[in-house]
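Atoms considered below: every heavy atom in the structure, side chains included; atoms not considered: hydrogens, waters and symmetry mates. Since we're looking at a predicted model, the values are computed, not measured.
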Amino acid sequence: RVSRSPTIKLGRAPRCHAAACESRNLAMVEEILENISVVVPSFERADALVECLAGVAEQVPPPAEIVCVIREEDRGTRDMLSGLALPIPLRVVFPRRQGLVAALQVGVENARSPLVAFVDDDAVPRPGWLERIRKHFASDRRVAGVGGRDWVHYNCSIVEPHSRRLRLPGLSKDGPKVGILQWTGRVTGSHHGGVGRARDVDVLKGANMAFRRDELLAVGFDPRLRGRGSQVHNEMWPCLGLRRRGLRIVYDPSVEVDHY
C-alpha cells in the first residue's frame, strides 16, 4: 500500500514514490527468501528421512538451514545423518524429553531464521513448496502461519476426502472445509483434500506448516499434551493461540508435500 503525505493529492502516487515503494517491497521479499529454516522431527525412520531431506534440499531457492530433531538413542538415524552430504547446512539437535511436542519446541528454539517451516519425516516437499510459503509471509506482516495440502499416499494411491469420493451436492469449488474451528468446538480436518484458492483458516496440519519464529515462540507448543510419540493435534495449540492474538493463518492447497 502506498502512503500519501498531506501535500499529495488523492489519486495516483507520483512515479518516483511508487518506484521507491516497489524497491522496498522487493528488498523485503528477497530478505524473506534468504531467511527460513526447515525443521524435521524424526524417530527411527532413516530411509524415509533421506527422501524428505532430499526434497527440502531441492527447493529453489533453498532454505537457510535444515534442523533435524532426533532422539539420542536413535542410533540408526544418527549414523545416517553423520554420513549425509547436503548442499545446505544441516544441524542435528536432541529434544529434552520424548514426544513430538518436545521435538517441535526444541526445533523452533534452535532455528536461526525468522521463518520456520515444519515437515514430517515421511513427507517429501514438492517443487515450489518453500517459495509459495515465503510469498505468503511477504504479502502481509499479520500472516503468522502458512500451510498447505499433504497428498496422502496409501497402498499406491492418493487418499481423497469422503466428501469428494461421494461427490456430495453443494461441495464448493474450494473442496471440503479445511482447518475451521466450529461453534461446537470441533475442528474440520481435510488438509489432505483442499483445492482452489488460498484462504484464512484456524488450524494447519503439522505435516506441512510454517510460522514466524518470534510469534510461534510467544505461544509455543502445549507440553501438557499426553503421549510420548506422535501426540496428534499438537498443531492446534499454536495455531489457535496465534488466532487469538489477531494474527492470520493461511492454508494454500498449492503449498504441497507428498505424505507417505
Side-chain angles (χ1 to χ4, degrees), residues 35-46 48-49 52-53 56 63-74 77-78 81 88-123 125 129-130 133-134 137 143-148 150 179 181 187 189 191 201-251 255 257 259:
N35 290 281
I36 186 166
S37 299
V38 176
V39 173
V40 187
S42 185
F43 181 60
E44 295 185 342
R45 289 199 289 205
L49 179 59
C52 172
L53 297 180
V56 174
E65 62 174 353
I66 299 175
V67 180
C68 263
V69 187
I70 63 174
R71 297 186 192 178
E72 291 192 68
E73 66 268 26
D74 187 357
T77 302
R78 293 179 65 177
L81 292 174
I88 55 179
L90 170 66
R91 292 188 294 121
V92 177
V93 298
F94 306 105
R96 291 178 287 273
R97 56 187 178 276
Q98 294 180 346
L100 185 54
V101 166
L104 295 170
Q105 186 67 38
V106 77
V108 67
E109 290 174 356
N110 281 272
R112 297 171 177 168
S113 303
L115 301 178
V116 182
F118 296 89
V119 61
D120 279 5
D121 61 354
D122 61 346
W129 176 65
L130 279 185
I133 287 174
R134 289 155 162 154
F137 283 116
V143 173
V146 177
D150 63 319
L181 177 64
V187 175
H191 295 80
V201 298
D202 297 315
V203 178
L204 300 172
K205 187 173 182 177
N208 180 14
M209 62 183 184
F211 300 95
R212 295 190 190 274
R213 181 176 181 271
D214 56 349
E215 300 290 0
L216 180 56
L217 286 173
V219 296
F221 292 90
D222 189 357
R224 300 167 299 178
L225 195 61
R226 293 186 176 184
R228 294 185 297 176
S230 60
Q231 294 174 294
V232 295
H233 303 309
N234 57 77
E235 60 280 296
M236 288 184 61
W237 180 270
C239 287
L240 294 178
L242 293 170
R243 292 288 291 119
R244 283 194 297 269
R245 293 163 67 92
L247 299 171
R248 296 178 59 201
I249 303 293
V250 175
Y251 172 83
V255 175
V257 303
H259 199 178

**Q** Ignoring hydrogens, what is the shortest heavy-atom contact between Ile36 and Arg134? Give both atom names and the distance.
**A**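 That closest heavy-atom pairing would be CG2-NH2, 3.1 Å.
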**Q** Any donor and acceptor pair, going by atom type alone, linking the side chain of Trp237 with main-chain N or O of Val219 inside 3.5 Å?
**A**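 Yes, the answer is positive, given that a donor and an acceptor are paired below the 3.5 Å cut-off.
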**Q** With side chain to side chain contact (heavy atoms under 4.5 Å, CB included) as the test, pick out the partner of Leu204 among Val146, Ile249, Leu242.
**A**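 Of the listed residues Val146, Ile249, Leu242, the side chain to side chain contact (heavy atoms under 4.5 Å, CB included) partner of Leu204 is Ile249.
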**Q** Locate the shortest heavy-atom distance separating Ile133 from Ala210; write the atom from each residue and the value.
**A**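 The pair with the smallest heavy-atom distance is CG2-CB, 3.7 Å.
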**Q** Please walk me through it: do Phe211 and Val116 pass side chain to side chain contact (heavy atoms under 4.5 Å, CB included)?
**A** CA-CA 5 Å; Phe211 300 95; Val116 182; 5.7 Å; no
**Q** So do the side chains of Arg45 and Cys52 get within less than 4.5 Å of each other, counting heavy atoms only?
**A**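 Result no, sub-4.5 Å side-chain heavy-atom pair not found.
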**Q** Less than 3.5 Å apart, which donor and acceptor atoms pair up between the side chains of residues 103-112 and the rest of the protein, not counting sequence neighbours?
**A**
unit_1: Gln105; atom_1: OE1; unit_2: Phe221; atom_2: N; d: 3.0
unit_1: Gln105; atom_1: NE2; unit_2: Glu109; atom_2: OE2; d: 3.2
unit_1: Glu109; atom_1: OE1; unit_2: Arg96; atom_2: NH1; d: 3.4
unit_1: Glu109; atom_1: OE1; unit_2: Arg96; atom_2: NH2; d: 3.2
unit_1: Asn110; atom_1: ND2; unit_2: Val106; atom_2: O; d: 2.8

**Q** Quick check for you: to the nearest 0.5 Å, what is the distance between Leu53 atom CG and Ser42 atom OG?
**A**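 One gets 8.0 Å once the value is rounded to the nearest 0.5 Å.
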**Q** If we only count heavy atoms from C-beta on, is the Phe43 to Ile70 side-chain gap below 4.5 Å?
**A**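 No, every pair of side-chain atoms sits at 4.5 Å or beyond.
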**Q** Between CG of Asn208 and CD of Glu235, what distance do you get to the nearest 0.5 Å?
**A**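 Here the rounded value is 11.0 Å.
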**Q** Find out whether Leu115 and Asn35 are in side-chain contact, i.e. whether some heavy atom of one side chain is under 4.5 Å from a heavy atom of the other.
**A**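 Not in contact.
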**Q** Less than 4.5 Å apart, side chain to side chain, heavy atoms only: is that true for Trp129 and Val119?
**A**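 Yes, at least one pair of side-chain atoms sits under 4.5 Å.
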**Q** Main chain of Val92, side chain of Arg78: is a donor-acceptor contact present, judged purely on distance under 3.5 Å?
**A**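 No: the side chain of Arg78 does not pair with the backbone of Val92.
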**Q** Please check if the side chain of Asp202 supplies one atom and the backbone of Leu181 the other of a donor-acceptor pair under 3.5 Å.
**A**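 Such a contact is found between Asp202 side chain and Leu181 backbone.
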**Q** Taking the side chain as every heavy atom from C-beta outward, state whether Arg243 and Arg245 have any pair of such atoms under 4.5 Å apart.
**A**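 Sidechains of Arg245 and Arg243: no contact.
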**Q** Any donor and acceptor pair, going by atom type alone, linking the side chain of His191 with main-chain N or O of Gly206 inside 3.5 Å?
**A**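 It does not hold such a pair.
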**Q** Quick one: closest heavy-atom pair of Arg71 and Gly99, and the distance?
**A**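 Minimum heavy-atom separation between Arg71 and Gly99: NH2-N, 3.8 Å.
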**Q** Less than 4.5 Å apart, side chain to side chain, heavy atoms only: is that true for Leu81 and Leu49?
**A**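 In short, these two side chains touch, coming nearer than 4.5 Å.
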**Q** Would a distance-only check, ignoring hydrogens and angles, find a side-chain to backbone donor-acceptor pair under 3.5 Å from Asp74 to Glu44?
**A**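 It does hold such a pair.
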**Q** I'd like to know if the side chain of Glu215 reaches the main chain of Ala144, judged simply by a donor and an acceptor atom lying under 3.5 Å from each other, with no hydrogens or angles considered.
**A**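 No; zero donor-acceptor contacts below 3.5 Å.
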**Q** Taking all non-hydrogen atoms of both residues, which atom of Asp150 and which atom of Ala207 are closest, and how far apart?
**A**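 Distance-wise, the nearest heavy atoms are OD2-CB, 4.5 Å.
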**Q** Return the CZ to OG distance between Arg212 and Ser113, rounded to the nearest 0.5 Å.
**A**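 The CZ atom of Arg212 sits 13.0 Å away from the OG atom of Ser113.
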**Q** Would you call Leu130 and Pro125 a side-chain contact if the rule is heavy atoms closer than 4.5 Å?
**A**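 Contact flag for Leu130/Pro125 side chains = no.
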**Q** Report the distance from atom CD1 of Ile66 to atom CD1 of Ile88, rounding to the nearest 0.5 Å.
**A**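 So the CD1 of Ile66 and the CD1 of Ile88 are separated by 3.5 Å.
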**Q** Quick one: closest heavy-atom pair of Val101 and Asn234, and the distance?
**A**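 It is CG2-CB, 3.9 Å.
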**Q** Do any N or O atoms from the side chain of Asp222 and from the backbone of Arg224 form a donor-acceptor pair under 3.5 angstrom?
**A**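 Indeed, once roles are kept as given, a pair shorter than 3.5 Å links the two residues.
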